[in-house]
Amino acid sequence: MITAERDLGTKPVGGEPTVAIEVDGREITVPEGTSVLRAAALAGIDVPKLCATDRLDAFGSCRVCLVEIEGRTGTPASCTTPVEAGMLVSTATDHLARLRRGVMELYLSDHRRDCVVGHGNGECEIHDLAALVGARGDRYGDGGETHLDLTADESNPYFTFDPTACIVCSRCVRACDEIQGTIALTIQGRGFDSLVVASADDKFMDSECVSCGACVQVCPTDALVEKAVLELGEPDRSVLTTCAYCGVGCSFRAELRGDEVVRMVPTKDGGANAGHSCVKGRFAWGYANHADRVLTPLLRERTTDPWQEASWEEAIRRTAERFLSIQERFGVDAIGGITSSRCTNEEIFAVQKMIRTAFRNNNVDTCARVCHSPTGFGLKQTFGASVGTQDFRSVEHADVILLIGANPTDAHPVFASRMKRRLRQGAQLIVVDPRRIDLVRSPHVEAAFHLPLLPGTNVALVNSLAYVVVTEGLVDERFVADRCDPGEYARWRDFISSSEHSPEANEQYTGVPAADVRAAARLYAGAANAAIYYGLGVTEHSQGSTMVMGMANLAMATGNIGRDGVGVNPLRGQNNVQGSCDMGSFPHELSGYRHVSDDATRALFDARWGTTVDPEPGLRIPNMFSAAIGGEFKGLFVQGEDLAQSDPNIDHVVAALSAMECVVVQDLFLNETAKYAHVFLPGTSFLEKDGTFTNAERRINRVRPVTAARTGKQEWEVVCELATAMGHPMRYANAAEIMDEVAVLTPTFAGVSFAKLDEVGSVQWPCNDAAPLGTPIMHIGEFVRGKGLFVETPFVPTDERATRRYPLLLTTGRTLSQYNVGSQTRRTRNVEWYREDVLDVHPADAEERGIRDGDRVSLRSRVGETTLHARLSDRIPQGVVYTTFHYPVTGANVVTTEHSDWATNCPEYKVTAVEVAPVHAPAGNGHDETSRHAGRDPNADLVRMANQIADQFPLHGPDAAAEAVAHHLRMFWEPHMRAHLLALVDTGSEGLDPVVVDAASRLRATVGS
Amino acid sequence: MSQHPGWSTERARATAVAHAGERGALLPVLHALQREFGYVDPRAVPVVADVLNLSRAEVHGVVTFYRDFRSEPLGRRVVKVCRAEACQSVGADRLVSHVQERLGIGFGQSTADGAVSLDQVFCLGNCALGPSVMVDGIVQGRVDPPRLDALLAESAPARPVRGSDPDGVVVYVPRDSAARAVGADAVAVEIEAEARKRSVSVTIVRNGTRGMLWLEPLVEVATTDGRVAYGPVTPDDVASLFAAGFVDGGAHPLALGPTDQIPALARQQRITFARVGVIDPVSAEEYEATGGLEGIRRALTMMPGDICDELVESGLRGRGGAGFPAGIKWQTVVDAPPGERFVCCNADEGDSGTFADRMLMEGDPFLLIEGMLIAAHTIGARQGFVYLRSEYPDALATLGQALEVARACGWLGDSVLGTELSFDITIRVGAGSYVCGEETAMLESLEGKRGVVRAKPPLPAIEGLFGRPTIVNNVLTLATVPPIIAGGAAAYRAFGVGRSRGTQVFQLAGNVARGGVMELPFGVTIAELVDDCGGGTRSGRPVRAAQVGGPLGAYFPESSFDLAMDYEELAAADGLVGHGGVVVFDDSVDFARQARFAMEFCAEESCGKCTPCRVGAVRGVELMDRVLAGDDVRANLGLLEDLCEVMTDGSLCAMGGLTPLPVRSALRHFRDDFDRAGDSVVSEGDDP
């Protein structure tokens, strides 16, 4: 059955006071300001309507919902008439019937007669309504003026626009304006000539349309309709589920005809998207059935051998044997695994459980390592919880939005629409980004300030913002006194008010005029509600964690935490980044962010799992690679991540993978990483999964199987079977049981179950006895850690800087139609918008190098080289180049370096010193030949990482700094790594920071004790 | 004649940038582009969108909504023929046939050689002196085919004279566009030349019109015994006037005696129009010397609520047509939540047969400014807009001049008249859309959008321009406020009948012998206006009917001319006072054709938002075409009746809602014309 959503005609109005009216003799009480149309619907009386929908503002154009109101002349439209106390409304008099019939006759006189017959989808409200009111199509006869000779626009790959079915109700135009905020549609001409057109009467594909699908969804006729519906026919059943693209986590109704998905339609009551969608979630799901899908397990001895198909039993048995054999020969710690932010919480939980039980170590990490690990670290330090503070809805209350290193219109489009709505209502925007992203200036949206800082200087900028707040008396003293740790605040205050943090002093690093920084700081601090939103432009830096803490400091100092419209909000890149972190897939943390060294927590897990969890942290992803190259790490289970495309310094990654004995890839496609794999375990698409995703606002959404698993197995089943084959039995009857185990083991998830989610739709964790329906906003009244902690955030410029040889800085990002490494979107018709990664070069930089728009250029860093086409663009400042990494052939990550965040090792994707030069013949990317980096000295890496930590505590004094470094190493470094470092200290290795040496001796003392 | 340079992205950008700081700047930008290039090149769309931070779709939607904006270059001469009812009644259709045949093109087209572009227009505000034509932006009256040919052959029109010797005898030659349409400029030029030749010292004052348009060009001379009038004067008469000593009030066949004693003027009760035609419209001294600013000076001593009460007490109702009590509307804005407010003057006087707003703006613009100042003081507005139709270039020039003078005098700007009141007025020019005279469509247009009607509620008084509380009144309403505040509510209320108090500036137009404005108390009958004031038809044939209240008003047969001009009485007779226009038709009129025209006008001008109007009007035209062809007349008229009900009761605004009024009145009173329609080829009638 299709669970069609009832449309109440106009938007809900909340609150008091209420008024009572009578509709056709039925009494109904509704909030003041409610339309008569909605009140009637709530009373169970559906007044016929065409232009009205409860997703859009009332418009009053179709004149079908006319009613009579006692004591009033005429027949007002019920959609635009608000209720008044005591109103007596009639919706079905003879007069009204005559008028409706008359209006419908006019519609029919200029409407295709075969909507229903022609397409059999029964979607045309015109014919339905005409039949309902008894209108005939022939009274005006033939020969009149019509629009029936117009031709359809088929340019969009996913939907068609047929003006002969259009009734000019403007629902599509209004949806593009009110819901999406792009305003790509308009009415052309006037009167009878009125016609819906895209942009200036362009083809949809040539217009400003971003293909979000909102217009298609609201169209009451066949004028705007999905091509799949025309091809496959009307859907006959639907399943509620969650999109698997970005961290917004939109709720969708998957509509099927038989077993075939016809379309995905966003649901109005979706907590994250409230009925909206983007081109990816709405349309780009076809990859799930792409011919490239591998559905049978594959095995091979060596990566040079061809793949051999195998049964599940054989594949699992052989994998278990290999892993056990490695452990036998190289030790328990010689294998590990990586969980995927693309998989369900249940699948992730199963993998980390397999590693901690069957693998018997903590060598589990998640791909969130390479995107948002600094978020978890920074917000845990300052607020006490590794999560964003708000729900998405909160942005509707923000007066000033500080957007840092995020490009929501491309990467989080559905949230961007929400943000734009708020901006169009008058909220002010500050954009901190090297690029002039669309939100800096796009129709009806204009940032008050754009601070185009040089890549790598975030911390300098946020410190300057804080400097202005503190030195200009803009601190919310009351909030700080009531809510924050006073001692640490005083320390931070002294630190930040030093003139070295002034905008004037930092201008040399950031390149942003000091006056703009000051004005932006005043705007942020002066707002009633100011909210920070940020993305990977914050985290993927050598000081990503410092920057997160810097933003937290700023929010606390201005009192912008703990209510609607404020907060510090990460925009998570992938659908389940939050969940993959929550589920205990970091090497130092069990689910719910509890450190493995905590005895009580471990005891809980030991009891439940019948095992002994290692109290020491395991290896992080980059450490695994280093250890592999060092010959100590031999086996890896990779759940749905394409390390060989998405991780930095691909030469290094490839060298590491090549050095291992058993690489297991669980994925939909034979991706780049699979080239180095020995076992391929076919995965399930989101349309087949049963479980939950947790979005960027901590919302746990159900993912329901729309179709059966095409591989015959859920991914968690495969993991359970592998663990069992390795000697640790793991069994669940279904995914719900996995979540039940998470709930038992994780206080913040104690109230979560599939049954509850099915009942209430979704919840935002923490969800437990204290908050049975979840927690939309965190830190109300009190921080999770008690008092908010101000942390000193010294700016340590990255080692990755422009030089004479590499004079430009490369930074990277996403485009709307493509997603991440593109393995999904490249297998859909989204490629029609974006067929290759291009390199944006500033015209001045281009001219200097003799590069013209469209030229092929080489992009070279000190670690690698690739070629791609250049696009001249003034969106980036001079000295900066920009590209995306959606296509493997481009290999943007061939050039990114080993630099990473000091605290979490999140790679510094956003800053790479490069040179660009024109090339005349296409060259492949350079990682086949640049193997010199594969043999990079692991000792040097270790020294660099340790020294980098020491750099972060320059103000502590040598003693406190050494203690801080020792503490960090204890909490986050795997024991072998610590031992290596100690050995290096013992041998007097070159270049060690004295603070590190001191920290080493403190470490040795604890280990010794 | 237009000479425009070719396309240039840089100049287009610069043109747009010049207006970028204005709120809702799109229409001013498009007008500026059209001035710069002669049309709005499609290549301008992305440029304008970028400069104003709009989407291309928005810009395209606006460009295509308004008739004025052309996407292709216009011809060197631009001819617009008025097809509205008043001009129809005196032969506009023949002029249309003539010009289309002569040029070999239809409306909206240009001749192949690029010499002439032709278009139709619905009302140029010259309804007593039709048929009217606008050639290269200048209105011409009483145009017959030979005159039109002559106009096209002429190279450039005479330039208006703006006064000369300051010490000479004062001679008044109106600058009003109706007077100019019948040669006032040429008369002024000739008087100046003749005076120089005869070494007579004269000062020519370009005043507004006295409103007796059949006497235009009406030349007045200031004598020791007061002003005396001569008219209608042609340039050829000027020498004989000088010879007759007209500068001293000498006798001449064109002499009309003391102006004030001309019966048509003497019988009027001029309150709103007291100064129109009397003073130099842009002379601040003359304005103040004749009682100007008394209203605002008194208002500045009053509380907002008291001003609203005074207006309510006076009985002043919106003169734009809806007749809503002005004081109550103002009070609603006063009571709205605090914050920014606006005063918007609706000067989009698009109803055919009406031209009083135009005459006031050309004859006494300070009065309108003063009315807006009182409104601004009452509601606390700092910014006002006058939305002026593009068909009124003379009103634009005069009002624009008056605004500059008012600013220089400290009547506008910061600290008006030295008080705390700060207020300024911007003129926004429409772009060829009748429906923008509807208040919410006008607000949309002021915001730079398509002139599409908004649903009400919310009322503009609560959510008006840019979503803020806004007073929207038409010109006559605002211009009547100063005399009411200055003279008190009781004095104004003393005039009129029933709930229709005070005076109305009635406009006699169409096929009428003595056309023009008649400011009289409400309650005057149609017969008094048409017969006594108007003197019957201009053609000399019997009067058959009058259309009262514009193109959406009813046709009344002569037998019902005893109806009084009173909002309630006319409504009871299925008619409306509207803006006070009365268009007279003689017995050559065919009401089946008039009914078709009503539907055609609606189809031409519908904003396209609501279905009854958007689709219904086109179907109405088609039904009438069948009726006129004698095709199943009874059935088609039955369906027409059904359609009229749907349009009346189902339309969003008065455009679709009132279009059936002329149709149904024609059917009710002149059914024979419909039944006869198919019998034979429709008679064109004799020349009037």
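We name chains A, B, ... by the order of the sequence lines, and we start the count at 1 in each one.
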Are the side chains of [Y] and [X] in contact, using a 4.5 Å heavy-atom criterion?
X: A/H444; Y: B/L54; value: yes
X: A/R190; Y: B/K609; value: no
X: B/L623; Y: A/Y140; value: yes
X: A/Y107; Y: B/T611; value: yes

If you look at every heavy atom in [X] and [Y], which pair is closest and at what distance?
X: B/R626; Y: A/D142; value: NH2-O, 4.0 Å
X: B/R56; Y: A/D202; value: NH2-OD2, 3.7 Å
X: A/P443; Y: B/E58; value: CB-OE1, 4.4 Å
X: A/S194; Y: B/C607; value: OG-O, 4.0 Å

CZ (B/F65) and OG1 (A/T186) are apart, to the nearest 0.5 Å, by 10.5 Å
Separation between CZ of A/F192 and SG of B/C613, rounded to the nearest 0.5 Å | 12.0 Å
With a 4.5 angstrom heavy-atom cut-off, is it the side chain or the backbone of [X] that approaches chain B, or both, or neither?
X: A/V173; value: neither
X: A/T73; value: neither
X: A/A200; value: both
X: A/S170; value: neither

Could you tell me which residues satisfy salt bridge (charged side-chain N to carboxylate O under 4.0 Å, His left out) with A/E145, sequence neighbours excluded, listed by chain and number?
-> none
Listed by chain and number, what are the salt bridge (charged side-chain N to carboxylate O under 4.0 Å, His left out) partners of B/E622, not counting sequence neighbours?
-> B/R619
Can you tell me if B/T64 uses its side chain to pair, donor with acceptor, with the backbone of A/G189 under 3.5 Å?
-> yes
Would a distance-only check, ignoring hydrogens and angles, find a side-chain to backbone donor-acceptor pair under 3.5 Å from A/E208 to B/A57?
-> yes
Heavy-atom neighbours of [X] [atom1] exceed 12 at 6.0 Å:
X: B/E568; atom1: CD; value: yes
X: A/R424; atom1: CZ; value: yes
X: A/D94; atom1: CG; value: no
X: A/E70; atom1: CD; value: no

Turns out that what part of B/D50 lies under 4.5 Å from chain A's heavy atoms comes down to both
Who in residues 430-450 of chain B is close to chain A, using a strict under-4.5 Å heavy-atom cut-off?
-> B/G432, B/S433, B/R450
In residues 636-654 of chain B, which residues are in contact with chain A at a heavy-atom separation under 4.5 Å?
-> B/L639, B/D642, B/L643, B/E645, B/V646, B/D649, B/G650, B/S651, B/L652
Quick one: of [options], who has the most non-hydrogen atom pairs under 4.5 Å with chain B?
options: A/V445, A/D177, A/V64, A/L50; result: A/V445
options: A/S442, A/G141, A/A77; result: A/S442
options: A/P82, A/S109, A/A58; result: A/S109
options: A/T80, A/T81, A/L66; result: A/T80

Residue from B/G61, B/A617, B/S55 scoring the most non-hydrogen pairs under 4.5 Å with chain A is B/S55
